[in-house]
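Quick note: residue numbers are just sequence positions, from 1.
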Amino acid sequence: MYSHKENVNILTALLVAHGVRHAVVCPGSRNAPIVHNLNECPHISCYAVTDERSAGFYALGMAQALHEPVAVCVTSGTALLNLLPAVAEAWYQHLPLVVISADRPQQWIGQLDGQTLPQSDALGRFVRRAVSLPEADAWYCNRLVNEALLDATADDLRPVHINVPITEPLFTFDVTQLPAVRQIVRTTPARDYDCLPPELVDGLLAAQRPMIVFGQTNPHDFEGCNVDFLFSHVIVLHEALSPFPSISHFDEVLADPSAVPAPPDFIVHVGDTIVSKRLRHFLRSATDAVTWRISPSGDVEDTFQNLRGIVVGDAEFILQALDQKMSRHNGRKGMDYRRQWLAVLKQAAGYATDYQPAYSQMAAVRCFEQQLSALRRATERDASFSENTQLSAHTVHYANSSAIRLANIYARHHVWCNRGVNGIEGSLSTAAGFSVVTPGRVFCVIGDLSFFYDQNALWNRNLRGNLRVLLLNNGGGAIFSQLPGLEQSPSANHFVAGRHATTAEGICRQNHVGYRVVNGMEALTDGISWLLTQESARPLLLEVMTDAGSDVGELKNYYSAIKL
């Protein structure tokens, strides 16, 4: 029988899954549930050592002899600190010591309760990763243990620390077997098309509903990517942050529940952040799906909560290797699923094209992207542009919040955006910095709060006429109006949404930036044309003044009216 503590049972099961076969255990009451489990588990051999200082070096010697991870388990308090000399030695010897410390509940740390001290980072820089396991969140606990054990057994072996808070009662052992746990694996294939992990290749070939999902990526990383067979057999969902010249209107599909195909059973996740909350929720609902992450860092990024494997390496190469594998095996099992998605995505794209928003920020972005597309086509036909100029002729940055969401409706090109942390600061400065080192025009589509927060980006003598700013000003953060329940707070407008009556005219004048303002649909088309085509030695800014309520209402109507 095993302990009734869920985090202890998840830890025990994953130690076995990741190949931990030996554990040095020290006496104590708080770590009794862990020691009990380790001793009960038939796959782990336990060795009792009373002195923690000695126990750490016992485990070190075992790791030296076995060249595999060895656990050492101690109780709460200063017991953990006694392991530091052995852990430091393991760090410099590149040995996979797995330190497991029992801990008191967080609320009792620093409250004059016995055997309590801040344990979660007590081993400092001498462990590659330190995690503290929650007691009531199985997915999070599972992910943390996987992260720690993957880091212990990476190519460059290092010690890790797993801290386990345990509340009383401690001594209930009534669980008949360890839980079935999700083990995350990580592999770095050789630069050979035949060296991909078979779990990835076989899983993709066998899947009935495979899907490839692209998050934010740098387009330069995929300039030579040729994966025509793969992309013609597996549905690919992506936003304007991806390296592709168009977007897939999956957000519109997901807004119409009657049109949504079944969740995927196999997911290949490439790139970083995904803007769409609908897509994240949809893929998290696929609880039986298997996700493989292609990642240059190898970090555990379990965005959809069903991650099973990580392939470390260059995404372009790995996708091309998958393409080779698919074509060799003529994999066609996912074709029906792809056709289902393509049918509804085509309808959604048609809906987006046909929808005529009233004057609003949505209408402004639609007009901007339509005119930009026409200008791009004209630029590509113009032989006077050199090849390099064509590639960088029109680069578009979108700020966070409403702006990037509108880009995902209308953009037909790659979009740059600071989605790493999704903050509103620095979007204009990033576009300005981009503009001073590129010959082509750089456009920044930005909301008012982001703009005024970062207005000093225009206070720079290096700026030239290739920087163009489309400022969407509705007097505050209208996106906050879309948060259910916030409207009930009297603080919503003034303190949360940052309501204001500021314009950019004075800022532009003091920084010698060309300025125009529009207040209606008739002037919008001419204003966008001026922003796109006007020759100027200094930056240009078009300020589009709209009503916050109309902006929110137009976007809500767009999604609520969808019937595919």
Side-chain angles (χ1 to χ4, degrees), residues 2-3 5 7-9 11-16 18-104 109 114-133 144-145 148-149 151-153 157-166 170-171 173:
Y2 295 95
S3 169
K5 299 296 183 183
N7 59 351
V8 174
N9 289 338
L11 169 62
T12 309
L14 282 171
L15 287 171
V16 173
H18 282 272
V20 177
R21 299 289 179 260
H22 302 271
V24 177
V25 298
C26 300
S29 59
R30 189 61 51 166
N31 67 330
I34 306 173
V35 173
H36 171 87
N37 267 24
L38 295 175
N39 188 55
E40 283 290 295
C41 184
H43 304 289
I44 297 177
S45 299
C46 291
Y47 307 84
V49 177
T50 301
D51 187 322
E52 288 91 1
R53 294 168 299 179
S54 181
F57 285 101
Y58 261 78
L60 184 89
M62 293 179 182
Q64 288 174 335
L66 299 169
H67 201 64
E68 63 185 44
V70 175
V72 54
C73 177
V74 299
T75 196
S76 61
T78 55
L80 173 63
L81 304 183
N82 286 314
L83 292 179
L84 187 55
V87 171
E89 185 64 26
W91 175 269
Y92 286 111
Q93 286 197 40
H94 302 267
L95 294 172
L97 210 60
V98 180
V99 175
I100 302 171
S101 58
D103 199 359
R104 303 297 173 110
I109 306 301
Q115 288 186 306
T116 60
L117 55 83
Q119 292 184 195
S120 57
D121 58 355
L123 299 178
R125 57 151 294 176
F126 296 109
V127 291
R128 172 174 280 146
R129 186 176 294 272
V131 300
S132 192
L133 305 186
L144 289 174
V145 178
L149 295 179
D151 277 0
T153 55
L157 304 176
R158 298 284 185 173
V160 296
H161 176 204
I162 301 173
N163 191 56
V164 190
I166 305 175
L170 303 175
F171 312 123
F173 310 116

Item to check | Pair Val72-Val98, side-chain contact (heavy atoms from CB on, under 4.5 Å): steps then yes or no | outcome: CA-CA 6 Å; Val72 54; Val98 180; over 6 Å; no
Checklist entry - Hey, what do you get for CG (Leu157) to CH2 (Trp91), rounding to the nearest 0.5 Å? => result 11.5 Å
Checklist outcome for this item: Heavy-atom nearest pair, Glu52 first then Cys26, reads CG-SG, 3.9 Å
Next on the checklist: I'd like to check the salt bridge (charged side-chain N to carboxylate O under 4.0 Å, His left out) partners of Asp151; sequence neighbours left out, ordered by chain and number.
Outcome noted: Arg129, Arg186
Item to check | Close side-chain approach of Val8 and Ile166, heavy atoms under 4.5 Å | outcome: yes
Next on the checklist: Can you confirm whether more than 12 heavy atoms, excluding those of Tyr2, are under 6.0 Å from its OH atom?
Outcome noted: yes
Item to check | Any pair counted as salt bridge (charged side-chain N to carboxylate O under 4.0 Å, His left out), so long as it reaches residues 66-92, sequence neighbours left out | outcome: none
Item to check | Gap between atom OG of Ser120 and atom CD1 of Ile162 - 0.5 Å precision | outcome: 13.5 Å
Checklist entry - Side-chain contact, heavy-atom cut-off 4.5 Å: Val99 with Leu123? => result yes
Next on the checklist: Show the nearest heavy-atom pair for residues Ala122 and Pro118, with the distance to one decimal.
Outcome noted: CB-O, 3.9 Å
Checklist outcome for this item: Looking only at heavy atoms, the pair that brings Ala63 and Pro96 closest together is CB-CD, 4.5 Å
Checklist outcome for this item: Residues at least two apart in sequence or cross-chain that pass side-chain contact (heavy atoms from CB on, under 4.5 Å) with Cys73, listed by chain then number, are Val25, Asn31, Ile34, Val35, Leu38, Ile100
Item to check | ring pair (Phe, Tyr, Trp, His ring centres under 6.0 Å) partners for Phe171, two or more places apart | outcome: none
Next on the checklist: If you define the side chain from C-beta out and look only at heavy atoms, does anything of Arg158 sit under 4.5 Å from Leu95?
Outcome noted: no
Checklist entry - Does any non-hydrogen side-chain atom of Val20 lie less than 4.5 Å from one of Val70? => result no
Item to check | Minimum-distance pair of heavy atoms, taken over all atoms of Ala148 and Val160 | outcome: O-CG1, 3.4 Å
Checklist entry - What distance separates Leu66 CG from Arg21 CZ, expressed to the nearest 0.5 Å? => result 11.5 Å
Checklist outcome for this item: Residue set satisfying salt bridge (charged side-chain N to carboxylate O under 4.0 Å, His left out) with Asp51, at least two apart, ordered chain then number -> Arg53
Checklist outcome for this item: Heavy-atom nearest pair, Ala86 first then Gly56, reads CB-C, 3.4 Å
Next on the checklist: How long is the straight-line distance from CG of Leu97 back to CD of Gln64, given to the nearest 0.5 Å?
Outcome noted: 10.5 Å
Item to check | Listed once per pair and sorted, the side chain to side chain donor-acceptor pair (under 3.5 Å) pairs that draw on residues 73-86, sequence neighbours left out | outcome: Ser76-Arg104
Checklist outcome for this item: Residue pairs passing the salt bridge (charged side-chain N to carboxylate O under 4.0 Å, His left out) test with at least one member in residues 23-48, sequence neighbours excluded, are Arg30-Glu168
Next on the checklist: Could you work out, with side chain to side chain donor-acceptor pair (under 3.5 Å) as the rule, every residue matching Asn37, not counting sequence neighbours?
Outcome noted: Asn9, Thr12
Checklist outcome for this item: Sequence neighbours excluded, the answer for side-chain contact (heavy atoms from CB on, under 4.5 Å) partners of Ala130 is Val127, His161
Checklist outcome for this item: Residue set satisfying side chain to side chain donor-acceptor pair (under 3.5 Å) with Ser132, at least two apart, ordered chain then number -> Asn163
Item to check | Student check: side-chain heavy atoms of Leu14 and Val16 closer than 4.5 Å | outcome: no
Next on the checklist: Can you list everything that forms a ring pair (Phe, Tyr, Trp, His ring centres under 6.0 Å) with His22? Sequence neighbours excluded, please.
Outcome noted: Tyr47
Item to check | pair Leu117-Leu81: side-chain heavy atoms closer than 4.5 Å | outcome: yes
Checklist entry - Taking the side chain as C-beta and beyond, is there a heavy-atom pair between His18 and Val145 under 4.5 Å? => result no
